[in-house]
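Chain letters run A, B, ... following the sequence lines, proteins first and then strands; every chain starts at 1. Just the heavy atoms: all of them, side chains too, but no hydrogens, waters or symmetry mates, feed the values below.
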Protein chains: 2
Amino acid sequence: MPERPTRERILDEAVDLFGFRGVEAVSLDEIARAVGVRKQSVLYWFPSKEALVAAVLDTVADELIVVISAAIRASDDDPLVRIDAVIRAVFGPAVRRPALLGLVRELGRLDPELVDRLRSRVQPLVEACVRYLEDEMGRGRLRRADPRLVAALAYATVTGIATEPEALETVGWQRDLAGLRRLRDELRSFIRAALAP
Amino acid sequence: MPERPTRERILDEAVDLFGFRGVEAVSLDEIARAVGVRKQSVLYWFPSKEALVAAVLDTVADELIVVISAAIRASDDDPLVRIDAVIRAVFGPAVRRPALLGLVRELGRLDPELVDRLRSRVQPLVEACVRYLEDEMGRGRLRRADPRLVAALAYATVTGIATEPEALETVGWQRDLAGLRRLRDELRSFIRAALAP
DNA sequence: CAGACTCTCTACCAAGTGGTAGACGACGGC
DNA sequence: GCCGTCGTCTACCACTTGGTAGAGAGTCTG
């Protein structure tokens, strides 16, 4: 049978385990067991745990960058619609795969070199968003505000919900996908209201 | 000399170490060394690592609850000023002690029982804020919006910045206290703009 | 002083960690 | 049939982890 290659399956399980439980808390052995293989096979594909973490970050970043930059290039001219699309794009992968949110929460603790590489890949996207916001504000199609703040807020909101999905419960929502979607939708209309000219 | 009691010093170091590096990543031995004592003395004061974590959460919650509920009871009548005070209060402890932000990031991974207890202590505060927002909105002194969303956004923003202070750099700000303060101030005016009637 | 209590210590343990060395079978090209 | 490469395995290592047992020093109370 054409089973998926071991390397891919390891990456797959690693995303979930690292995301839900934390990199430090998950051992190579546990990942191996989840894949149905021995720890030493994991070390065959990834020479060290750190290499595995790096590979996980890379794959995740690839996906995120593709999805989000596609949304940025979306053709609709109305800036509010466009912002909406980006927010949906940012939440999209997280809604489909909650472990990704948990992974974000690991960033602050990982080897700074790894995080730097990841950030240098994401930064151009953020800059593009900021420039776009500035542009539309200059043309009066969005209310004047610090575009970097808007970016920081969106960034922080997503990672914040990532950090503590319990926050959803605390404010009286379910912490499952429905709660996440609801937050996303409310956030969209909130930003709309704040940025509408 | 009236040195601070060992128990307190352990709690103190634990807040910083757990916050900056993560509960799982910090060993009892490391905490003990930071205090200048042997691991077994730590285990004398806290019968297990989990008990230490619980105690840390309790002390932190105590401080937060005091500071925030004081801000909620602030006397100023203008809702915007009042909201401002609460935001400042939420950011206050974090600005003074960045490790607290890191601790928030641990919540999602800790024993659910611990987190539940913490949440049940914070929830009344959140509920009070929500009721207050609803009330002022009903009286037309704040723009109509879902008060739970406002609470969730504020909550998420703080924990988001906690999760990844690097986000500050990504959007072009310093990640130090100045950056944090700036984010706080911008957030205040942003919420003001969004909620002003 | 005697005895209890408080606090920190040394010594130890079983379990688990990331990682190395190398054997073993399967497979393809020659 | 033979050889090398690939992928997984068993066996092992040095080290760290959270936790136990109990000794012993210091102090307070009688």
Donor-acceptor under 3.5 Å (B:Ser41 side chain, B:Val37 main chain): no
Any Lys/Arg nitrogen of A:Glu30 or A:Arg21 sitting under 4.0 Å from an Asp/Glu carboxylate oxygen of the other? yes
Ion pair A:Asp135/A:Arg131, N-O distance below 4.0 Å: no
Any residue in residues 40-48 of chain B with a heavy atom nearer than 4.0 angstrom to DNA chain D? Just list them by number, or reply none. B:Gln40, B:Leu43, B:Ser48
Is the distance from OP1 or OP2 of C:dT8 to the nearest side-chain N or O of B:Thr6 less than 4.0 Å? yes
Taking 4.0 angstrom as the limit, do B:Asp78 and B:Arg141 come out as a salt bridge? no
Within residues 14-38 of chain B, those residues having any heavy atom closer than 4.0 Å to DNA chain C are B:Val37, B:Arg38
Side chains of B:Tyr132 and B:Glu136 only: does a donor on one sit below 3.5 Å from an acceptor on the other? yes
Among A:Val56, A:Val26, A:Asp12, A:Val23, find the residue that satisfies the side-chain contact (heavy atoms from CB on, under 4.5 Å) test when tested with A:Leu17. A:Val26
Side chains of A:Ile83 and A:Leu133: closer than 4.5 Å at any heavy-atom pair? yes
Residue pair B:Leu52 / B:Leu11, side-chain heavy-atom distance below 4.5 Å: yes
Take atom NZ of A:Lys39 and atom P of D:dC12, then tell me their distance rounded to the nearest Å. 14 Å
